[in-house]
Amino acid sequence: MSVLEKNKIDGIGKSRTENKLVLMIADHLDWGNELQHLTLLQDKMNAYISFIESGQVYSLYPDIESVDGFIFELRFKYKPTENCKRLLEVFRKNTQDLRIEFKVYES
C-alpha cells in the first residue's frame, strides 16, 4: 500500500511508548510533479482523518477507544519539499482537536 491508495491504511498499530494509535503513510514518490504529489498526500491524509472522525477506526479496533490520540507517521522515500512541510503544518493546526500528532521520517 502507498500514498497512491487513498482509501487504504498503509499501516496501523498501537504505539509502544505512548497510549496512541499509529497510522502510517508510505510515500515512495519523488517530487518531480510536486503539485500532483501534494494532492495525493492531501487526499490520503483527509481519508485518514475521515477514518477517525467517522468512528470507523473504533469499529475496527474497539479496544483503542481509550487511546490518548493518534500519530500519523509519514515515511517518505524522498526528502519532503518546503511546500510539503507547509501542507503538513496546515494539517497539524487543523487537526489539533482530534489529537493527531505528525511524525515525519525520510529514507
Side-chain angles (χ1 to χ4, degrees):
M1 286 168 240
S2 75
V3 70
L4 295 173
E5 299 174 279
K6 75 175 185 178
N7 292 319
K8 296 196 180 196
I9 303 292
D10 296 343
I12 190 167
K14 191 130 186 241
S15 170
R16 290 185 178 156
T17 57
E18 303 175 76
N19 186 33
K20 295 183 178 183
L21 189 68
V22 180
L23 293 97
M24 192 261 293
I25 295 176
D27 189 326
H28 66 287
L29 301 176
D30 66 35
W31 294 96
N33 186 337
E34 185 181 28
L35 180 58
Q36 180 185 26
H37 191 158
L38 290 171
T39 301
L40 290 167
L41 185 58
Q42 179 178 331
D43 289 347
K44 183 82 168 189
M45 289 191 294
N46 280 330
Y48 277 32
I49 292 166
S50 293
F51 181 65
I52 294 168
E53 287 182 323
S54 70
Q56 187 178 7
V57 65
Y58 301 109
S59 64
L60 292 175
Y61 300 95
D63 59 322
I64 58 106
E65 285 196 30
S66 62
V67 296
D68 297 330
F70 303 90
I71 298 170
F72 282 14
E73 187 175 280
L74 293 98
R75 297 201 166 262
F76 290 98
K77 182 174 182 180
Y78 300 97
K79 182 178 177 156
T81 64
E82 288 303 312
N83 286 328
C84 177
K85 291 174 186 176
R86 283 188 206 91
L87 176 67
L88 294 175
E89 188 56 35
V90 168
F91 270 94
R92 276 187 186 99
K93 289 178 182 174
N94 291 332
T95 58
Q96 289 177 350
D97 60 324
L98 295 173
R99 299 170 295 139
I100 297 173
E101 175 184 347
F102 291 81
K103 293 187 178 180
V104 175
Y105 301 91
E106 301 169 28
S107 296

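Just so it is clear, the values below take in all heavy atoms, side chains as well, and ignore hydrogens, waters and symmetry mates.
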Looking at [X] and [Y], what are the two nearest heavy atoms and their distance?
| X | Y | value |
| --- | --- | --- |
| D97 | N94 | OD1-O, 3.7 Å |
| P80 | V104 | CG-CG1, 4.1 Å |
| I49 | T95 | CD1-CG2, 3.5 Å |
| I52 | Y58 | O-CE1, 4.3 Å |
| L21 | G13 | CD1-O, 3.4 Å |
| Y78 | L29 | CD1-O, 3.1 Å |

Exercise for review: Would you sort out whether Q42 and L87 count as a side-chain contact (heavy atoms from CB on, under 4.5 Å), showing the intermediate values?
Suggested key: CA-CA 8 Å; Q42 179 178 331; L87 176 67; 4.1 Å; yes

Point to revise | Derivation and outcome, side-chain contact (heavy atoms from CB on, under 4.5 Å), residues D43 and L41 | key: CA-CA 5 Å; D43 289 347; L41 185 58; over 6 Å; no

Exercise for review: Start with the C-alpha gap between R86 and E34, add the side-chain angles, then the distance that decides, and say whether salt bridge (Lys or Arg N to Asp or Glu O under 4.0 Å) holds.
Suggested key: CA-CA 13 Å; R86 283 188 206 91; E34 185 181 28; over 6 Å; no

Practice item. Determine, stepwise, if the pair E106 / K77 fulfils side-chain contact (heavy atoms from CB on, under 4.5 Å). Key: CA-CA 6 Å; E106 301 169 28; K77 182 174 182 180; over 6 Å; no

Review point. Please walk me through it: do V67 and K14 pass side-chain contact (heavy atoms from CB on, under 4.5 Å)?
Key: CA-CA 9 Å; V67 296; K14 191 130 186 241; 3.9 Å; yes

Polar side-chain atom of [X] near backbone of [Y] as donor-acceptor pair, under 3.5 Å:
| X | Y | result |
| --- | --- | --- |
| H37 | G32 | no |
| W31 | K79 | yes |
| T81 | C84 | yes |
| D10 | A26 | yes |
| N19 | S66 | yes |

Please round to the nearest 0.5 Å and tell me the distance separating atom [atom1] of [X] and atom [atom2] of [Y].
| X | Y | atom1 | atom2 | answer |
| --- | --- | --- | --- | --- |
| K20 | S15 | NZ | OG | 8.0 Å |
| I9 | F51 | CD1 | CZ | 4.5 Å |
| Q96 | E101 | CD | CD | 11.5 Å |

Review point. Do E53 and R99 meet the salt-bridge criterion of a basic N to acidic O distance under 4.0 Å?
Key: no

Review point. So, D27 and K44, do they make that salt bridge, N to O below 4.0 Å?
Key: no

Revision key, fill the gap. Residue pairs meeting ring pair (Phe, Tyr, Trp, His ring centres under 6.0 Å), one or both in residues 80-107, sequence neighbours left out, come to F72-F102

Review point. I71: which other cluster members, linking ILVMFWY side chains closer than 4.5 Å, directly or transitively?
Key: V22

**Study point:** Under the side-chain contact (heavy atoms from CB on, under 4.5 Å) test, residues paired with K93 that sit two or more places apart
**Key:** E89

**Study point:** Side-chain heavy atoms of M45 within contact of L88, under 4.5 Å
**Key:** yes

Review point. Under a 4.5 Å side-chain heavy-atom rule over Ile, Leu, Val, Met, Phe, Trp and Tyr, are Y48 and M24 clustered together?
Key: no

